[in-house]
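As structure tokens, the structure follows; a few thoughts come after it.
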Amino acid sequence: MQHFLNHYFPQRLTPPQGPDFVPEHLLHLNEMPLDVPEELKETIAERFKTVAFNRYPEPFAQSLVAQLATWYGCRPQELMVAPGSSAFIRLLLTFFGLNGCGQLVISRPSFAYYQQFCDSFHIPFTPWDLDENFQFVPSALDGLTKYSVVFLTTPNNPTGSQLSPATLRALLAKHPQSLFVVDEAYAEFVDETMLPLLKQFDNLVLLRTFSKAFCAAGVRCGVLLTNSALVSCLSGLQTPWQLSPFTIEAAKEILLYESETHWFKKQVLQIVAERDHLLEDCQESGSEHLSVFPSKANFLLIKSDTAQTHTRLLTECAQRKVLIKDLDGEPNLANCVRVTIGTPQANQLFASAFHKVAQGHT
Ligand SMILES: Cc1ncc(COP(=O)(O)O)c(C=O)c1O
């Protein structure tokens with residue numbers, strides 16, 4: 001069996017910090033540090049009691065779709081839902097990757113799942129590399145062939161860099177025969193979103209999620225927004241009953257709660273303030289061995305000058321029971337880590353690990 005597994009799964013995942021490492025502070029998945037308020041959970045629990053377990057749920061989660069349309073200011077036929085935006089990434093990469101007449105382009109570095117999925121299923125793609133400061137290079141798409149599909153994330157994971165709506169507008173206008181899929185998983189952390197562009201361009205798809213700003217990664221709800229013709233085509237590729245009734249009810253109550261209280265918005269503002277504080281704190285150490293990149297999302301990217309510094313940073317974090325994301329080995333991310341902004345206490349622990357490594361060099 002070992003040979004069988006090695007043949008089909010040559011790159012199996014192994015825990016990076018070793019089996020004995022039990023983290024207390026999870027700063028590796030870009031989750032929000034706080035769970036949703038108790039009163040919201042109680043309302044959701046009450047809603048769960050009304051769910052008929054013996055019946056299939058709404059086939060296309062229509063009641064949630066209607067509520068989301070109001071939320072995003074579009075028509076219900078212009079959006080669809082799935083268990084997480086990664087389900088949409090999978091659907092789009094599979095369909096366009098296997099049926100494409102143009103190029104499948106994926107910005108790089110990006111959310112690792114894009115490349116991992118393509119690699120696992122042998123879907124060929126053209127990388128669109130960010131520059132050495134991790135900024136987008138729009139001119140690199142000048143030679144895009146028609147009927148191409150371009151995937152990009154903004155604010156980008158794991159670099160925190162952003163593509164401006166004006167630049168995206170120019171790309172959409174320049175390549176009207178190609179489709180741009182813009183992963184906006186972290187959109188709530190910035191002021192500008194791409195939503196208004198949906199009204200002007202039919203070659204745009206936006207992906208949103210409840211996993212980040214809505215503090216609901218466990219609920220598994222992703223949203224795709226585009227024009228009604230494309231929604232109708234893509235809906236035919238999904239299996240019906242994508243969302244469990246629990247996801248549907250929880251997502252609806254989360255939206256309602258946010259409209260009434262703005263609780264999630266307040267969490268986002270707090271994370272943004274913590275992020276800027278941590279960035280400043282790390283930059284003040286002035287270490288030329290560790291570069292911290294400014295970010296528009298709920299995480300920071302840090303690059304060490306050598307493999308030794310990189311390992312020391314991971315070790316100092318592990319000693320404080322802080323788990324961060326080791327990105328070394330991923331394309332263009334040698335000696336890089338990504339740290340999610342967590343509670344003030346967890347951020348402080350990370351800062352102390354960072355300073356220890358920075359000072360160790362002076
Ligand atoms: C850019 C990006 N897109 C999608 C996802 C996956 O989100 P979901 O939980 O909705 O599947 C992530 C998760 O970290 C992400 O960073």
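One-based numbering along the sequence shown. For clarity, every value in this text was computed on a predicted model and none was experimentally measured. Numbering of ligands and ligand atoms starts at 1, following listing order.
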message = Salt bridge check, Lys41 against Glu38: does any charged N sit closer than 4.0 Å to a carboxylate O?
response = no
inquiry  = If you count heavy atoms of other groups shown closer than 6.0 angstrom to CD of Glu280, is the number above 12?
reply    =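 Counting neighbours around CD of Glu280, 12 or fewer heavy atoms of other residues, nucleotides or ligands fall under 6.0 Å, so no.
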N/O donor-acceptor pair under 3.5 Å between Lys266 side chain and Thr261 backbone = yes
inquiry  = Is it the case that the side chain of Trp71 and the backbone of Ser259 share a donor-acceptor pair, with hydrogens and angles ignored and the cut-off at 3.5 Å?
reply    = no
inquiry  = salt bridge (Lys or Arg N to Asp or Glu O under 4.0 Å) for Glu188 and Arg208? Distances and angles first, verdict last.
reply    = CA-CA 9 Å; Glu188 291 86 355; Arg208 293 291 190 96; 3.6 Å; yes
task = Pick out which of Leu27, Leu300, Asn347 makes a side-chain contact (heavy atoms from CB on, under 4.5 Å) with Thr340.
result = Leu27
For ligand 1, list every N/O pair with the protein closer than 3.5 Å, one pair per line with the distance.
residue	atom	partner	partner atom	Å
ligand 1	3 (N)	Asp183	OD1	3.3
ligand 1	3 (N)	Asp183	OD2	2.6
ligand 1	7 (O)	Ser85	OG	3.2
ligand 1	9 (O)	Ser211	OG	2.6
ligand 1	9 (O)	Arg220	NH1	2.8
ligand 1	9 (O)	Arg220	NH2	3.4
ligand 1	10 (O)	Ser85	N	2.7
ligand 1	10 (O)	Ser85	OG	2.9
ligand 1	10 (O)	Thr209	OG1	2.6
ligand 1	10 (O)	Ser211	OG	3.4
ligand 1	11 (O)	Ser85	N	3.3
ligand 1	11 (O)	Ser86	N	3.0
ligand 1	11 (O)	Ser86	OG	2.5
ligand 1	11 (O)	Arg220	NH2	2.9
ligand 1	14 (O)	Tyr186	OH	3.4
ligand 1	14 (O)	Lys212	NZ	2.9
ligand 1	16 (O)	Asn157	ND2	2.7
ligand 1	16 (O)	Tyr186	OH	2.7

